[in-house]
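Reading through the structure tokens given below for one structure.
To find a chain, count down the sequence lines: A is the first, B the second, and so on, and within it residues start at 1.
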There are 4 protein chains.
Amino acid sequence: MMKSIDYYRKNPKQARSQATVDAILEAAARILQAEGPRAATTNAIARLAGVGIGTLYQYFPDKNAILITLARQELALTGEAVNAGMSPPMDAGENVDPLRVSIHALIQGFKGRLRTRKALIEALIANGLTEELTFPVDLAMKEVLAAGTEGGDAGGSGMTPVKAYVLTRAIVGVIRSAAMEETAYFGTQEFEDELVKLAHGLMAV
Amino acid sequence: MMKSIDYYRKNPKQARSQATVDAILEAAARILQAEGPRAATTNAIARLAGVGIGTLYQYFPDKNAILITLARQELALTGEAVNAGMSPPMDAGENVDPLRVSIHALIQGFKGRLRTRKALIEALIANGLTEELTFPVDLAMKEVLAAGTEGGDAGGSGMTPVKAYVLTRAIVGVIRSAAMEETAYFGTQEFEDELVKLAHGLMAV
Amino acid sequence: MMKSIDYYRKNPKQARSQATVDAILEAAARILQAEGPRAATTNAIARLAGVGIGTLYQYFPDKNAILITLARQELALTGEAVNAGMSPPMDAGENVDPLRVSIHALIQGFKGRLRTRKALIEALIANGLTEELTFPVDLAMKEVLAAGTEGGDAGGSGMTPVKAYVLTRAIVGVIRSAAMEETAYFGTQEFEDELVKLAHGLMAV
Amino acid sequence: MMKSIDYYRKNPKQARSQATVDAILEAAARILQAEGPRAATTNAIARLAGVGIGTLYQYFPDKNAILITLARQELALTGEAVNAGMSPPMDAGENVDPLRVSIHALIQGFKGRLRTRKALIEALIANGLTEELTFPVDLAMKEVLAAGTEGGDAGGSGMTPVKAYVLTRAIVGVIRSAAMEETAYFGTQEFEDELVKLAHGLMAV
DNA sequence: GATGAATGAGTGTTCATTCAT
DNA sequence: GATGAATGAACACTCATTCAT
């Protein structure tokens, strides 16, 4: 059930191969976004990618692999953006809030493609890879906690594993719920503002 | 694709009919929980319900109707339990926390059938009935806010739809994430305690 | 790998069901004979049987099951005919040779459909059911040996599994080879005569 | 479907070419033996042979050609061995039985690779080249008959074409059946002994 | 000559739904 | 009203073969 990292068939080192792989992944993302998961058949993905169905299967062992690869790729991108937000450059102004930047990155994840995000979350869960889902935030959480106690007095004041768990899931949970429900609030400034407030409140323990 | 709200109204008044409908709904819920959405075929549901597939189609126009009806039913039950928690009887002791009772109800929701819950939420979303999903909890939210500011000065000052949305999803999101990830924390007292604390913090705006 | 006896999905007790099953089996046999194994796709079988592909899958769990069922059926029929030949009725004339009758039955086996016979034998082998293939003829072999030594002195002295194997395969092998090579001799009286002589020779050890 | 006899003549005269051809044929034989016919895809053969799939198609017009060439090659080798056994050197001891030597060669054919043998027999039959299958034995049979009547009285005493046909097919048929059924007896000393006995019996008419 | 990325017709199989009994 | 046999569009996936490099 648990798939290895190099789940796909061949390491696409050559430029051409990489372009093909990218075309397939982008096609999958686009169909997911535009027509939903039911329309994302392997044949439809291949057609939109402009490759034969056989070519698709030369790069991915099965349909799941496409979705998982896509999910990991988007998750990695989001994770990087979130972490970048946590470590602002020295010359950043006083009024740059790392938390806001990171939450913004979190919301903007998956290129803002909400339905794609939903479908990929589903795919990861359906394949028993739920833990990968929280990877970007778990990483960021550690940084936050470290930074938060940096110049402070008592280290993890009252911070327990369960508390940390609840806090991170509160933030991610709001975003995930919003994504799953495809709410209209998603992506609005007010939504982001409220999330930032929530995060700050939680940080204060 | 978008179905009208009362798409599935078919008031089976006779007792026998009602028993058949109930059997079908319970069968669906059980399969969803035990074997997942892919196993919940109409034939499997009919078989477990002890009726012919034709009979099933005499009570429900299509498969979606079964899931939607079931979702509404479970949602209503959970909503009632949550609301009941919000309005403690007069003779309840001082130390009864309505929020705690409601959150407990939320955790226990859908008869504890997590997989069924997930599948039904999906069904509702997939059928463009997202608003039904939020209605019960939004209702409860209003009660909480009202109750919370009861003895206070300014009522729900500053409460906006988005803020309410974020607050409710924070709580629900934690529960949903925990369920999905099958964390060991789920169901522990400490988990519930932290959630209650989180909720109280959020209430304080 | 080893399939249970009641490999198929439902015991077709009703006349209609039985007719459908028979139609599917007969269609499979016909395609096998006329166009070879590669043409015997599930869709082609269903089409010739005059049923939908879904109906086919209501009676057989997969393609293999069709071939295995057909093989067993034909094998049973041939086995019965061979065994019947071995046990001539009391009022049969002196000049009725059980061996000849059985060999005749063997040649006529599988309704004379040679290509079907070959494909079904393959199917049984490919499914690890090789022993079923030999059972009927091995059974007949025992009867022959018993009958042959009936009035003699020493019973089946020196008969070993390998010897029995070689003897049965000599007879069956001639028939199979002749069928495969589509020799003009196949079906002639002289061919049968020579086979009977061969068999008698082999019996004498 | 029916291919002409010299369908696959492509005389690769250069040494390098010959090495490539041999590598492909040996790879095919090995996969057939180790993993069965389903695994013997053209891509798999090319990979094991250490050549590109394109190269494979430069030497063989299609997949069938590989199997047929391999079959003919093995058959020719077996035929030579069988014939060599029939003509023992003058200095061979009295107790050298030509029939035993030849039957041994027949059994050892295809380098003892039973599954390969089975698959190649299939390939030949499937391509309407069944008659080639008996070529080694037909050749040997003539020699036997000639030798048998050499110093004898009446030439082919009672030997008719049909009788000869039945006799040769009895021997080949046992081996072929054994190969097709992948019996465990195949290759044992006892199996060979019984076959030799059978052959001697048949020779005696 | 050698290569291997690309191809797509074709396969076995599923399952929501219908309708004659 | 109840039934379940029948349906067939649709899906994921394979592999012999081609051809531009």
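Here the rule is side chain to side chain contact (heavy atoms under 4.5 Å, CB included) with D/Phe60, and of D/Thr69, D/Ile45, D/Ile68, D/Leu67 only D/Thr69 fits it.
Residue B/Tyr59 contributes atom OH, which lies 18 Å from atom C1' of E/dT17 at whole-angstrom precision. Between the CZ atom of A/Phe60 and the P atom of E/dA5 there is a distance of 14 Å, rounded to whole Å. The distance from atom CZ of B/Arg38 to atom P of E/dT13 is 15 Å, rounded to the nearest whole Å. In this entry the distance linking CD1 of A/Ile66 with C1' of F/dA12 reads 10 Å, nearest Å. Atom pair C/Lys63:NZ and F/dT14:C1' shows a separation of 14 Å (rounding to whole Å applied). The nearest whole Å value for the distance from the CD1 atom in C/Ile31 to the P atom in E/dG12 is 11 Å. Taking atom CZ on B/Arg47 and atom P on F/dT3, their separation rounds to 14 Å, with Å as the unit. Atom CG of A/Leu56 and atom P of E/dT7 are 11 Å apart (whole Å).
Each of A/Gly54 and D/Gly54 was matched to the nucleotide of DNA chain F holding its nearest heavy atom; the match closer to the 5' end belongs to A/Gly54. If B/Ile53 and C/Ala40 are placed on DNA chain E by their nearest nucleotide, the residue sitting closer to the 5' end is C/Ala40. Comparing A/Thr55 and B/Gly50 against DNA chain F, the residue whose closest nucleotide sits nearer the 5' end is B/Gly50. For the pair B/Asn43 and C/Ala39, nearest-nucleotide mapping onto DNA chain E gives the more 5' position to C/Ala39.
The nearest pair of heavy atoms linking A/Leu25 to A/Leu70 is O-CD2, 3.7 Å.
Nearest to the side-chain atoms of B/Val51 among the listed nucleotides F/dT7, E/dT13, F/dT3 stands F/dT3. The side chain of A/Thr42 has F/dA12 as its nearest neighbour among F/dA12, E/dG12, E/dT3. Minimum atom distance to the side chain of C/Asp62 is reached by E/dT13, of the listed F/dT17, E/dT13, E/dA6. If you check E/dA16, E/dA2, F/dT17 against the side chain of D/Gln58, the one that comes closest is E/dA2.
A donor-acceptor contact under 3.5 angstrom links the side chains of A/Tyr59 and A/Ser17, judged on distance only.
For A/Tyr57, no side-chain nitrogen or oxygen approaches OP1 or OP2 of E/dA6 to under 4.0 Å.
At a threshold of 4.0 angstrom between heavy atoms, the contacts of B/Thr41 are confined to the sugar-phosphate backbone, with no base atom among them.
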Does the side chain to side chain contact (heavy atoms under 4.5 Å, CB included) test come out yes or no for A/Leu32 and A/Arg115, once each step is laid out? CA-CA 6 Å; A/Leu32 248 15; A/Arg115 293 178 79 189; over 6 Å; no

What's the verdict on side chain to side chain contact (heavy atoms under 4.5 Å, CB included) for B/Thr130 and B/Leu124, showing C-alpha distance, side-chain angles and the deciding distance? CA-CA 6 Å; B/Thr130 318; B/Leu124 242 28; over 6 Å; no

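Remark: F/dG4 base-pairs with E/dC19; criterion is Watson-Crick or G-U wobble with both hydrogen-bond distances under 3.5 Å.
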